[in-house]
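For the numbers below, each heavy atom of this structure counts, side chains included, while hydrogens, waters and symmetry mates do not.
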Amino acid sequence: MYPSNQTGMIAWCQQLARLMRSWWKVDRIRVSPREGRLRRLACGTLVRICDQWFEIESRTVTAGPGTVLVTYDCAAANRRARLHVKTANTGDADTVRWQDASVHHEIDAATIEIFERQPGMLDARVPYPSPWQDD
């Protein structure tokens with residue numbers, strides 16, 4: 001019938017198969033969302049550590065040979081602290097350390113509760129004028 005169209009379609013399918021095979025064989029970093037959740041906390045996120053809620057104020061990423069360290073500065077009403085999340089390129093689990101004035105120890109990542117702020121959430125710290133006040 002139409003041999004030129006048929007050979008063109010076969011060639012196209014072969015190229016597509018080669019492309020899919022090469023994509024499938026490429027090494028990709030695969031991390032479960034639960035495993036990487038402490039690496040991507042944003043400023044304003046609330047975390048519960050050692051039975052107290054803290055707000056993430058800043059995030060610093062430091063890359064070293066074979067490791068990445070993410071440090072979060074946290075604040076509560078009456079104290080300040082740091083959360084250190086160290087990731088090794090060897091595939092080992094993250095090391096999580098908690099540091100404040102009285103405590104400096106390793107903690108289990110599963111014990112940290114996270115409440116991420118959604119866009120448009122009101123910030124309770126912002127003083128809004130009362131609707132009953134006179135201007």
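- To the nearest 0.5 Å, the span separating OG1 on T111 from CD1 on I49 amounts to 8.0 Å.
- For R59, there are no salt bridge (charged side-chain N to carboxylate O under 4.0 Å, His left out) partners, not counting sequence neighbours.
- The ring-ring contact (aromatic ring centres under 6.0 Å, His included) pairs that include a residue from residues 41-65 are F54-W98, where partners are two or more places apart or lie in different chains.
- Residues L69 and L41 do not share a hydrophobic cluster, defined by chaining ILVMFWY side chains whose heavy atoms lie under 4.5 Å apart.
- In this structure T67 satisfies the side chain to side chain donor-acceptor pair (under 3.5 Å) test with no other residue, sequence neighbours excluded.
- Once rounded to the nearest 0.5 Å, the distance linking CZ of R37 with CD of E116 reads 9.5 Å.
- Rounding to the nearest 0.5 angstrom, the gap separating the CD1 atom in I107 from the OG1 atom in T95 is 11.5 Å.
- Every residue meeting the salt bridge (charged side-chain N to carboxylate O under 4.0 Å, His left out) condition with D51, not counting sequence neighbours, appears here in chain and number order: R48.
- Taking each heavy atom of L38 and A109 in turn, the nearest pair found is CD1-CB, 3.5 Å.
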Please list every donor-acceptor pair under 3.5 Å in which a side-chain atom of residues 11-19 meets a protein atom from a residue at least two apart or in another chain.
none

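- Closest approach of Y72 to V85, counting heavy atoms only: CE1-CG2, 4.2 Å.
- Note: the hydrophobic cluster containing M20 does not contain I10 (ILVMFWY, side chain heavy atoms under 4.5 Å, direct or indirect links).
- Residue pairs meeting the side-chain hydrogen bond (donor to acceptor under 3.5 Å, both in side chains) criterion with at least one partner in residues 73-86, sequence neighbours excluded, are Q52-N78, Q52-R79, E57-R80, S58-D73, T71-H84, D73-R82, R79-D100, H84-Q99.
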